[in-house]
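Following: one structure in structure tokens, then a few remarks.
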Amino acid sequence: MLLQVKALKKSYDGAEGPVPVLRGIDMSVAAGDTLALTGESGSGKSTLLHLIGGLDSASSGEVLLNGQDICQMNDAGRAEVRRKNVGIVFQQFNLIPSLDVTANIAFQARLAGQYDAKAAGDLADALGLGDHLAKYPEQLSGGQQQRVAIARALAAKPQLILADEPTGNLDEATASEVMAQMLQLVSATGAALIMVTHSPRLADRMGRQLHLRQGVLV
Ligand SMILES: Nc1ncnc2c1ncn2[C@@H]1O[C@H](COP(=O)(O)OP(=O)(O)OP(=O)(O)O)[C@@H](O)[C@H]1O
Ligand SMILES: [Mg+2]
């Protein structure tokens with residue numbers, strides 16, 4: 001199994017003690033699975049993706065990536081696993097302002113030792129970025145930045161892609177098209193995709209749907 005999450009809990013420190021956000025999450029994801037993660041604002045969707053991606057540490061529980069519990073690793077170990085196996089599209093795109101589109105797309109792939117200029121160029125074309133390769137993030141619209149973030153995550157050929165509302169800034173027609181591209185690219189590489197979305201229509205295009213309510217999956 002690519003990903004197994006077991007009894008995962010996360011609390012944040014509040015003024016009156018710990019505030020539970022995730023109260024015991026169990027889920028399994030195999031290679032090639034596509035999952036929609038839904039739930040109201042503040043329900044913990046981003047928190048769950050951050051824990052799965054090893055960007056934050058859990059209060060308790062396990063996150064097994066290829067059988068290895070990343071919760072037991074130190075920050076450096078988690079970063080290493082993430083670089084090699086996981087592609088993340090954040091809710092805020094986190095593009096590097098001083099790099100142009102081509103270099104932003106290449107960034108993660110280079111770190112993972114997976115950079116292939118031809119493949120990265122094809123990816124940019126598929127996502128409609130071909131005319132913008134020499135631009136810097138501040139010269140791009142929100143939707144174009146979002147597509148660069150998607151290309152960057154896919155370019156490193158990760159086994160698992162975590163996407164936090166990757167089409168949230170796009171109009172419905174563009175969102176639908178970008179979504180189709182993303183699903184096609186994911187299925188071509190055999191990667192698994194976990195995507196947060198508020199759109200029932202986009203969620204319907206994923207293989208499975210998980211809903212977060214009061215810190216548990218329903
Ligand atoms: N670093 C933090 N410190 C304290 N509380 C936090 C922190 N990060 C998130 N929270 C709280 O945890 C809860 C879940 O936040 P999270 O960002 O995971 O929600 P979400 O489901 O992604 O919401 P949205 O749909 O608005 O993006 C919220 O109540 C939030 O206030
Ligand atoms: Mg969120």
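Note that the structure is predicted; figures quoted are calculated from it, not measured. Order of listing sets the numbers, starting from 1, for every ligand and every atom in it.
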Margin query: side-chain hydrogen bond (donor to acceptor under 3.5 Å, both in side chains) for Asp26 and Gln4? Distances and angles first, verdict last.
Written below: CA-CA 8 Å; Asp26 291 278; Gln4 284 174 288; over 6 Å; no
Next item on the list: For His198 and ligand 1, answer yes if some heavy atom of the residue is under 4.0 Å from a ligand atom, otherwise no.
Entry: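 It does; at least one heavy atom falls under 4.0 Å.
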Note to self: Any salt bridge linking Glu165 with Lys45? Criterion: basic side-chain nitrogen under 4.0 Å from a carboxylate oxygen.
What the structure shows: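 Salt bridge absent between Glu165 and Lys45.
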Item checked: Lys6/Asp69 ion pair, N-O < 4.0 Å -> no
Among all protein heavy atoms, pick the one closest to [atom] and tell me residue, atom and distance.
{"atom": "atom 25 (O) of ligand 1", "answer": "Lys45 NZ, 2.7 Å"}
{"atom": "atom 26 (O) of ligand 1", "answer": "Ser41 OG, 2.5 Å"}
{"atom": "atom 12 (O) of ligand 1", "answer": "Val21 CG2, 3.3 Å"}
{"atom": "atom 27 (O) of ligand 1", "answer": "Gln91 NE2, 2.9 Å"}
{"atom": "atom 13 (C) of ligand 1", "answer": "Gly42 O, 3.5 Å"}
{"atom": "atom 1 (N) of ligand 1", "answer": "Tyr12 CE2, 3.6 Å"}

Next item on the list: Please confirm whether Gly44 comes within less than 3.5 Å of ligand 1 when only nitrogen or oxygen atoms on both sides are compared.
Entry: yes
Margin query: Under 3.5 Å between any N/O of Ser43 and any N/O of ligand 1: does that happen in this structure?
Written below: yes
Checklist line | Within 6.0 Å of CZ in Phe107, more than 12 heavy atoms from elsewhere | finding: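 Open: at most 12 neighbouring heavy atoms sit under 6.0 Å from CZ of Phe107.
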Checklist line | Proximity of Thr47 to ligand 1 by residue part, where a heavy atom lies under 4.0 Å | finding: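 Answer for Thr47: both.
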Check: When hydrophobic residues are tied together by side-chain contacts of less than 4.5 Å, even through go-betweens, does Met179 share a cluster with Ile161?
Finding: yes
Next item on the list: Keeping the roles fixed (side chain from Arg205, backbone from Ser176), state whether a donor-acceptor pair exists under 3.5 Å.
Entry: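 A pair under 3.5 Å: yes.
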Next item on the list: Among Leu65, Asn85, Asp33, find the one that has a side chain to side chain contact (heavy atoms under 4.5 Å, CB included) with Leu160.
Entry: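 Testing Leu160 for a side chain to side chain contact (heavy atoms under 4.5 Å, CB included) against Leu65, Asn85, Asp33 leaves exactly one candidate, Leu65.
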Notebook entry, point to check: Quick one: do the Gln145 and Asn169 side chains pair a donor with an acceptor below 3.5 Å?
Noted result: no
Next item on the list: State whether Thr47 contributes an N/O/S atom found under 2.8 Å from the Mg ion (ligand 2).
Entry: no
Next item on the list: Mark whether atom 31 (O) of ligand 1 lies under 4.0 angstrom from at least one protein heavy atom.
Entry: no
Notebook entry, point to check: Pick from Lys10, Arg78, Arg82: which one makes a salt bridge (Lys or Arg N to Asp or Glu O under 4.0 Å) with Asp56?
Noted result: Lys10
Notebook entry, point to check: Nearest non-hydrogen atom to atom 17 (O) of ligand 1 belongs to which of Ser46, Gly215, Gly14?
Noted result: Ser46
